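Below: the structure, in structure tokens.
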Amino acid sequence: MLAVSKIIGALIDPAALALFLLAAGAVFLFFPRRPRVSAVFFICAFAVLAFFSMPFISHVLLRGLEGQYLPASEYEPADAVVLLGGFTAGPLPPRLHVETNISANRAFNAVRVFRQTGTRPMVLTGGLVDLINDEVIPEAHSMFALLSEHFGIDSSDVIIEPGSRNTRENALYTKAALAEAEVGHNIILVTSAYHMPRAAAVFRKAGFTVTPAPAGYIKTELVSGKPLTWFPSATSLFESALAVREYCGIASYKIMGWI
């Protein structure tokens with residue numbers, strides 16, 4: 001199921017979908033009696049790229065996810081802070097140290113909540129996904145290296161869960177790790193705002209009492225009125241793809257009964 005979900009996620013990416021449509025249109029060029037079919041595929045490919053490259057579309061798609069949970073200025077103490085992976089890049093050449101990606105705000109928010117509430121431990125959950133990257137160190141270990149180096153987080157304050165490969169396994173393996181450490185299931189959950197609807201639902205389904213602490217909002221509440229922000233862009237295409245994959249993830253998790 002992990003392999004299937006990752007493959008489907010790659011296929012529904014708007015850019016990939018447009019390329020498949022272009023390829024289909026090119027194939028039908030070799031069928032002289034099917035010129036209209038080829039034209040339809042080419043038009044659909046253009047429509048997909050144009051639609052998902054529009055800033056307004058990416059804004060609507062992401063706000064539909066990010067608007068479901070809002071951050072709090074303060075959080076009540078809980079049994080644990082759970083930080084989901086997806087924001088680190090391990091020390092593979094030419095990188096000498098653990099670095100971060102677009103989701104780095106997860107780390108900042110987790111440390112902020114960790115210190116503000118005094119909640120111990122912090123669970124770092126994330127493993128290796130061979131299908132989509134070349135990492136050789138489970139992400140949970142990279143997460144700890146980053147938090148230790150830059151924020152002084154001590155190993156006595158964390159539980160490292162290095163086996164999970166998706167959000168559902170994050171929840172199941174975290175539950176097992178907390179049970180082994182004799183820690184309760186009232187957690188503050190930290191992940192990206194667009195990912196929080198699925199993550200919170202999965203952890204609740206697994207039996208946790210969840211206080212969402214979303215971070216890394218990509219979109220503000222208002223659509224920008226500045227003229228240049230309305231032009232199609234690769235950034236908007238990327239943001240739309242991020243949202244589309246997440247909506248499909250929510251749908252597939254519902255079908256599987258995981259949320």
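It should be emphasised that the depicted structure is a prediction, and the values quoted were computed from it without experimental measurement.
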For [X], all residues meeting ring pair (Phe, Tyr, Trp, His ring centres under 6.0 Å), sequence neighbours excluded:
| X | result |
| --- | --- |
| F30 | none |
| Y173 | none |
| F51 | none |
| F28 | F31, F41 |

Is it the case that [X] and [Y] place a side-chain donor and acceptor less than 3.5 Å from each other?
| X | Y | value |
| --- | --- | --- |
| E169 | S164 | no |
| S236 | S53 | no |
| S103 | H195 | no |

For E239 and R63, what are the C-alpha separation, side-chain angles and deciding distance, and is it a salt bridge (charged side-chain N to carboxylate O under 4.0 Å, His left out)?
CA-CA 11 Å; E239 292 171 349; R63 282 302 300 163; over 6 Å; no
How far does [atom1] of [X] sit from [atom2] of [Y], to the nearest 0.5 angstrom?
| X | Y | atom1 | atom2 | answer |
| --- | --- | --- | --- | --- |
| I187 | L83 | CD1 | CG | 11.0 Å |
| S58 | L237 | OG | CG | 9.5 Å |
| D157 | L147 | CG | CG | 11.5 Å |

Trace of the salt bridge (charged side-chain N to carboxylate O under 4.0 Å, His left out) decision for K219 with E66
CA-CA 8 Å; K219 297 296 184 182; E66 295 184 340; over 6 Å; no
With ring pair (Phe, Tyr, Trp, His ring centres under 6.0 Å) as the rule and sequence neighbours excluded, what pairs involving residues 86-129 come up?
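Qualifying pairs: F108-F151.
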side-chain hydrogen bond (donor to acceptor under 3.5 Å, both in side chains) contacts touching residues 72-89 (sequence neighbours left out):
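Passing the test, one end in residues 72-89: T88-E139.
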Is there a path from M196 to Y253 through hydrophobic residues (I, L, V, M, F, W, Y) whose side chains come within less than 4.5 Å of each other?
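Per the 4.5 Å side-chain linkage, M196 and Y253 are not co-clustered.
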Quick check: is L242 connected to M54 through a chain of hydrophobic side chains (ILVMFWY, heavy atoms under 4.5 Å apart)?
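Looking at the clustering, L242 is in the same group as M54.
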